[in-house]
Amino acid sequence: MPHRSIIEPFRIKSVQSIDLPTVEEREKALRRAGYNLFGLHADEVIIDLLTDSGTGAMSAKQWAGMMIGDESYAGARSFYRFEKAVKEITGYTEVIPTHQGRAAERILFANSVSEGDVVPSNTHFDTTRANVEYQGAEARDLVIAEGTDPSALLPFKGNVDIAALRATIEEVGVDRIPMVMVTVTNNSGGGQPVSLANLREVRRICNEFGLPLILDACRFAENAWFIKLREEGYTDRTPREIAQEMFALADGCTMSAKKDGLANIGGFLALNDGELAAKCRNLLILTEGFPTYGGLAGYDLEAIAVGLNEVLDENYLRYRIRSTEYLAEKVYDAGVPIVRPAGGHAVYLDAKTLLPHIPPGQYPAQALAVELYRNGGVRGVEIGSVMFGRPLPDGSESPAAMELVRLAIPRRTYTQSHIDFVAEVVIDVAMDAGEIGGYRIVEQAPWLRHFTARFEPT
Ligand code: F0G
């Protein structure tokens with residue numbers, strides 16, 4: 001067979017126009033937003049890689065599903081279709097819909113995490129960390145050492161450091177560890193996958209100490225595809241079978257259907273523990289909605305039910321993972337430092353290496369993200385010391401492990417020429433990296449400050 005490109009396995013049925021604002025408009029927008037890209041209006045951005053969450057294109061089948069959405073308050077048909085789709089993939093007995101992933105986290109942690117507890121994970125994402133900390137507990141990241149080294153080439157850089165997990169449990173004591181979490185793929189660690197071998201090891205430790213294991217399953221299908229590509233013995237298994245095997249190793253999951261649910265909104269908490277699920281449902285009724293809709297419309301449940309099956313399609317996953325890798329290759333070949341290998345949903349630029357003249361306290365990744373917007377109207381997101389830096393008693397801050405700019409690729413949304421354009425902007429900015437200056441924070445919130453902080457160039 002001659003070499004053939006891996007193409008987008010769909011054709012476009014509906015479009016939304018995009019436009020590049022002028023240099024002056026971009027400059028003005030940056031000043032208005034306090035150099036925080038979360039403050040930009042979407043029409044001020046041409047290619048929006050802020051997040052892959054809820055930003056994907058739905059299929060015709062999902063839209064068709066929305067037309068049969070059942071909006072009954074209790075016992076909607078759509079809920080049972082949704083529940084069936086979740087049960088078939090995860091195998092968990094209790095399925096609780098939520099409006100998005102963080103609502104599942106909040107409901108779970110409010111009923112299982114107490115002050116002084118420690119929740120270990122490979123790497124907590126920002127909302128997960130914040131929800132753990134909100135309960136007065138500590139979110140502890142235990143990813144393998146290579147997981148925070150952008151240049152270490154490893155197939156499963158999202159793996160949990162098993163020795164560190166054991167040491168943490170022995171140090172803290174089982175009574176203060178309500179659960180172990182594993183994020184698949186490891187978003188804050190570069191969208192890197194976790195192997196089944198590692199999940200099995202984590203399971204073994206959890207069994208030994210009698211601890212529940214919960215997956216943060218937002219990108220479970222991308223993780224399953226990496227296992228198929230990279231883990232010995234899985235080449236001939238379907239993504240669905242691999243996903244089922246992943247879920248079977250855990251006791252439950254939190255899920256944002258805005259990622260691998262291929263939906264624009266939604267999520268769920270799924271568990272095997274009926275008693276815990278009952279408590280979670282009670283809180284759900286208080287803050288989200290009745291347990292058969294959980295804050296979602298019936299049509300959202302339909303979109304998710306269809307999306308959860310489409311996301312496991314091999315043609316889709318082949319295209320998805322390859323198109324992210326394509327952007328990574330283009331910028332890396334031009335000499336731009338990135339987290340390697342490419343993540344599943346995003347390319348992570350390594351601002352620490354690209355901008356060694358900007359200290360972490362002046363937020364090199366924030367500076368790089370601003371520059372990508374200024375140069376080409378491309379919006380990424382800082383995943384570095386703005387997001388994860390912690391204030392110290394002396395007024396300084398402990399920096400994040402890595403200073404990254406994440407270019408997250410919305411699912412089924414941009415074509416190859418859009419991605420070529422992004423690569424051109426990144427390469428252009430990197431050529432003049434020495435000219436980029438740092439930032440200081442002039443305004444910030446007590447938690448999740450990256451969403452609303454305002455900055456000034458130093
Ligand atoms: N866990 C992970 C690993 C995530 O990436 C996210 C969201 C959540 C939980 C929370 O889900 O947004 O539905 O409440 N990540 C998005 C991102 C926002 O841009 O990576 P949510």
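For ligands, and for the atoms within them, numbers begin at 1 and follow the listed sequence.
In this structure, a donor-acceptor pair under 3.5 Å is absent between the side chains of Tyr293 and Asp70. With 3.5 Å as the limit, one finds a donor-acceptor pair spanning the side chains of Thr128 and Glu105.
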Could you tell me, for ligand 1, which of its N or O atoms are under 3.5 Å from any protein N or O, listing the pairs and their distances rounded to 0.1 Å?
from: ligand 1; atom 1: 1 (N); to: Asp216; atom 2: OD1; distance (Å): 3.2
from: ligand 1; atom 1: 1 (N); to: Asp216; atom 2: OD2; distance (Å): 2.6
from: ligand 1; atom 1: 5 (O); to: Asn187; atom 2: ND2; distance (Å): 2.8
from: ligand 1; atom 1: 5 (O); to: Arg219; atom 2: NH1; distance (Å): 2.9
from: ligand 1; atom 1: 11 (O); to: Lys259; atom 2: NZ; distance (Å): 3.2
from: ligand 1; atom 1: 12 (O); to: Gln100; atom 2: NE2; distance (Å): 3.3
from: ligand 1; atom 1: 12 (O); to: Arg102; atom 2: NH2; distance (Å): 2.9
from: ligand 1; atom 1: 12 (O); to: Lys259; atom 2: NZ; distance (Å): 3.3
from: ligand 1; atom 1: 13 (O); to: Gly101; atom 2: N; distance (Å): 2.8
from: ligand 1; atom 1: 13 (O); to: Ser256; atom 2: OG; distance (Å): 2.7
from: ligand 1; atom 1: 14 (O); to: Gln100; atom 2: NE2; distance (Å): 2.9
from: ligand 1; atom 1: 14 (O); to: Gly101; atom 2: N; distance (Å): 3.3
from: ligand 1; atom 1: 14 (O); to: Arg102; atom 2: N; distance (Å): 2.8
from: ligand 1; atom 1: 14 (O); to: Arg102; atom 2: NE; distance (Å): 2.7
from: ligand 1; atom 1: 15 (N); to: Lys259; atom 2: NZ; distance (Å): 2.9
from: ligand 1; atom 1: 19 (O); to: Thr51; atom 2: OG1; distance (Å): 2.7
from: ligand 1; atom 1: 19 (O); to: Arg406; atom 2: NH2; distance (Å): 2.7
from: ligand 1; atom 1: 20 (O); to: Asn187; atom 2: ND2; distance (Å): 2.9
from: ligand 1; atom 1: 20 (O); to: Arg219; atom 2: NH2; distance (Å): 3.2
from: ligand 1; atom 1: 20 (O); to: Arg406; atom 2: NH1; distance (Å): 2.7
from: ligand 1; atom 1: 20 (O); to: Arg406; atom 2: NH2; distance (Å): 3.4

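Remark: Trp447 engages Tyr134 in a ring pair (Phe, Tyr, Trp, His ring centres under 6.0 Å) (not counting sequence neighbours). A search for ring pair (Phe, Tyr, Trp, His ring centres under 6.0 Å) contacts involving His99 returns nothing, not counting sequence neighbours. Residues passing the side-chain contact (heavy atoms from CB on, under 4.5 Å) test with Gln100 are Arg102, Lys258, Ile265, sequence neighbours excluded.
A cation-pi contact links Arg340 to Tyr332, judged by a cut-off of 6.0 Å to the six-membered ring centre and 45° from its axis.
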